[in-house]
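Here the structure is a predicted model, which means the values were calculated and not measured. Quick note on labels: first sequence line is chain A, next is B, and so on, each numbered from 1.
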There are 2 protein chains.
Amino acid sequence: MTKKASGLVAVARLAGVSTATVSNVLNRPELVAPATRERVVAALDELDYVRSGAAVALRTGTSRLVGLVVPDITNPFYAAIAEGVTAAADDAGYSVALCVNHDDPARERRQFELLAQQRAAGALVVPLSAGSSRLSTLRRVGTHLVLVDRIAERDEGCSVAIDDVLGGRLAVRHLLALRGPRIALVNGPRTIEQCANRRAGARKELRRSGVDPDTMTELTVEEMTIDAGRRAGNALAAAGGVDGVFCTNDQLATGVIRGLADAGVRVPDDAAVVGYGDLALATDGPLPLTTVSQPKLLMGRTAVETLVREIGDQVDGGREHQHSATLFQPSLVVRDSAPAT
Amino acid sequence: MTKKASGLVAVARLAGVSTATVSNVLNRPELVAPATRERVVAALDELDYVRSGAAVALRTGTSRLVGLVVPDITNPFYAAIAEGVTAAADDAGYSVALCVNHDDPARERRQFELLAQQRAAGALVVPLSAGSSRLSTLRRVGTHLVLVDRIAERDEGCSVAIDDVLGGRLAVRHLLALRGPRIALVNGPRTIEQCANRRAGARKELRRSGVDPDTMTELTVEEMTIDAGRRAGNALAAAGGVDGVFCTNDQLATGVIRGLADAGVRVPDDAAVVGYGDLALATDGPLPLTTVSQPKLLMGRTAVETLVREIGDQVDGGREHQHSATLFQPSLVVRDSAPAT
DNA sequence: TTGTATGCGTTATCAC
DNA sequence: GTGATAACGCATACAA
């Protein structure tokens, strides 16, 4: 079929030059005379030359591979991040090693170990639960880290996140304007940072509007699923006294709407519901859902760019690298035109 | 923080043995005496040894990396496959390089090039459009291929797919039993193999039941989206004379239900609709959706296992490898209890 | 059972 | 501008 030869040496021989020259036309073409360069290029594709990433990695100590560590790739939120990451990585000439850990430390350890072995140039990690100690395996081999959807603490590294406090404020501001102060919050475990922040934003906005945050009805669910939301909706309907519900993700919001409907409370007529995330569910679900939209693709893209910049910094001067923490703003997407009272 | 030494030599020195011995305890522990083995192991983690995948790859000519090539990771179908793939790869000790190509040949070429450079052990590709010529870059460097969700032709390699013809039959059988022979098909472009097969199954089942397949109303849409489905639903309602609709994916089905509703045709009361894929949309959408369910995770898992087996075959005897084509069966999930007649 | 020696394909440091 | 040549870290054939 195709030629079987491979390696710089074969190319060098065919072009009548040394391997060093071939290497140069590959990496720093400007250093080699146009004439020879042409001969080499000819030989290169005459032989169907394919660089050995392994050899390069061995020699240079780093590969063009970045790890993407997510809890669950079937979750559309993480899938969207992955989309942005792969796109940006493509542009930068990196491969993306997808590591799905299901929040399982054992799995995660093995994956980190593999990344370390491959001498990955870096890793983008989207942590579910916190715990920065887990990252040590990677650091050990000098892999650079970028935290995604979580603000890095001092010296933890770079991070790219979304301002969840602001998101919470936007949601509650909308509900306040639309329906007044009788607001409920349906939230996940507060040990999840995002949940804590969205709640903080909600309370902050209430306070700003002269409403005592403690008057807000709060329901906490273990799993942020549609089913859990439905139960919460049932409970809210039973208790009554609520005109607006802020749910900290779209699944919960979808469930809450159903749970309210079970009890005859109709959305948006009888109550307003706001979700969080702007997943496909918000448009494709039973009802167009008003929700806080996050720039997921952009976050993924930026994570890669941040990592690439960090790697560059390291290489080029040995100069001190300044960790950066990028924070994007969410925005409110109003989808149901709820008739105000 | 941690020791800075690295490399087999350092470990060997510390343990007072040769590098060959260290290499052996790493790769074939049974060959080395328990006593020395222990010493080596001690040295190994005393030094926080991390193997250089690059060196191994260079030496052995292959790396523990497999490529996963999908058109779009935000599509839940591909995400589910990715889930299965990463799980199985984890178990087998492989990393997964995620390549999202958006059906863009240029992108795909670059990604293949990267995989080839990394000397990936193999690649799992989920092709959107056909065209086996595109795979040549990978073959050139001896990378093994497994086609996913598409049956490989002779000598194309191994494949793992789902029997779409059967899926089409199941869907139509259900509709026939429930509503009789006035059936419509809402399908994507027939150039997509899956679409062609699902249609073929539908027609086959009609024929078996003594219904002329050509009496089936057929609507073809360019993009298999909810919006396109909605328009199809509008059209069907306008034309009338249809009791059951088979849509070749869940998005279309969701849209069709809406489109019918726009015109006052209620599902499941006035008409039955069957989707395909069993995505989250089928349970989380406006209406529980009867749909053809595909074993997506299993397909992903099996793809990895197939690849690993193929690699093993190659290595162990140079024995001829028999390409395999695995075909899984879909099943019908009935979700709406549609009152007959 | 263990040690010695060689080479995998590159890059980079020197001479020329 | 270009060519020798020495690593990079490991696996393996062979010798001991």
Side-chain angles (χ1 to χ4, degrees), chain A residues 3-41 43-44 47-65 116-120 140-142 315-316, chain B residues 3-41 43-44 47-64 114 116-121 141-142 315-316:
Chain A
K3 299 292 196 297
K4 73 159 292 186
S6 81
L8 237 36
V9 279
V11 177
R13 196 162 33 218
L14 179 59
V17 298
S18 78
T19 63
T21 301
V22 179
S23 178
N24 276 336
V25 353
L26 251 30
N27 300 314
R28 296 189 296 284
E30 68 278 8
L31 287 192
V32 37
T36 42
R37 191 193 312 163
E38 251 175 76
R39 280 211 325 281
V40 172
V41 168
L44 240 26
L47 291 182
D48 265 341
Y49 173 74
V50 179
R51 231 185 168 102
S52 162
V56 176
L58 177 56
R59 186 57 231 245
T60 65
T62 187
S63 69
R64 291 185 82 74
L65 181 74
Q117 290 189 10
Q118 320 248 20
R119 300 297 186 270
R140 222 172 59 206
V141 291
V315 168
D316 96 68
Chain B
K3 300 290 196 297
K4 72 160 292 187
S6 80
L8 237 37
V9 279
V11 177
R13 196 161 34 216
L14 179 58
V17 297
S18 79
T19 63
T21 302
V22 179
S23 178
N24 277 334
V25 352
L26 251 30
N27 300 314
R28 296 190 297 285
E30 68 279 8
L31 288 192
V32 38
T36 43
R37 191 194 312 163
E38 252 177 73
R39 281 212 324 283
V40 171
V41 169
L44 240 25
L47 291 181
D48 265 342
Y49 174 73
V50 179
R51 229 182 166 102
S52 162
V56 175
L58 179 55
R59 183 60 228 247
T60 64
T62 185
S63 70
R64 291 186 83 74
L114 269 182
Q117 291 189 9
Q118 321 247 20
R119 301 296 187 269
V141 290
V315 168
D316 96 70

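- Atom P of nucleotide dT10(C) and atom CG of Leu58(A) are separated by 12 Å, given to the nearest angstrom.
- Nucleic acid contact for Val9(B): none, since no nucleic acid atom lies under 4.0 Å from a heavy atom of the residue.
- When the side-chain contact (heavy atoms from CB on, under 4.5 Å) test is applied to Arg51(B), the partners found at least two apart in sequence or on another chain are Gln117(A), Leu26(B), Asn27(B), Tyr49(B), Val56(B).
- Within residues 22-32 of chain A, the residues having any heavy atom under 4.0 Å from DNA chain C are, by residue number, Ser23(A), Asn27(A), Arg28(A).
- Residue Ala20(B) is the one, among Ala20(B) and Arg59(B), whose nearest nucleotide of DNA chain C lies closer to the 5' end (criterion: closest heavy atom).
- Dashed line: the shortest gap from a side-chain N or O of Ser52(A) to OP1 or OP2 of dC8(C) is not under 4.0 Å.
- Atom CG in Leu8(A) sits about 7 Å away from atom C1' in dT10(C), given to the nearest Å.
- With sequence neighbours excluded, the residues forming a side-chain contact (heavy atoms from CB on, under 4.5 Å) with Ser63(B) are Ala57(B), Leu65(B), listed by chain and number.
- Computed from coordinates, the Arg13(B) CZ to dG3(C) C1' distance equals 16 Å when rounded to whole Å.
- Take Arg13(A) and apply the side-chain contact (heavy atoms from CB on, under 4.5 Å) test, not counting sequence neighbours, and it matches Ala10(A).
- Residue Asn24(B) holds its CG atom at 8.5 Å from CD of Glu30(B), rounded to the nearest 0.5 Å.
- Listed for the Arg119(B) side chain is a donor-acceptor partner under 3.5 Å among the backbone atoms of Ala116(B).
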Begin from the C-alpha positions of Val40(B) and Val17(B) and carry the test side chain to side chain contact (heavy atoms under 4.5 Å, CB included) through to its verdict. CA-CA 8 Å; Val40(B) 171; Val17(B) 297; 3.9 Å; yes
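- Close approach of DNA chain D to chain A, defined as any atom under 4.0 Å from a non-hydrogen atom of the protein, starts and stops at dG1(D) to dG9(D).
- Residues Thr19(B) and Ala55(B) both approach DNA chain C. Their nearest nucleotides, taken by heavy-atom distance, put Thr19(B) toward the 5′ side.
- Taking atom CZ of Arg119(B) as the reference point, atom C1' of dG9(C) lies 9 Å away to the nearest angstrom.
- Taking the side chain as every heavy atom from C-beta outward, Val22(B) and Val9(B) never approach each other to under 4.5 Å.
- Scanning both residues, Leu58(B) and Ala55(A), for their nearest heavy atoms gives CD1-CB, 3.9 Å.
- Across all strands, Gly53(A) comes closer than 4.0 Å to no nucleic acid atom at all (heavy-atom distances).
- Rounding to the nearest 0.5 Å gives a distance of 10.0 Å between CZ of Arg39(B) and CG of Leu14(B).
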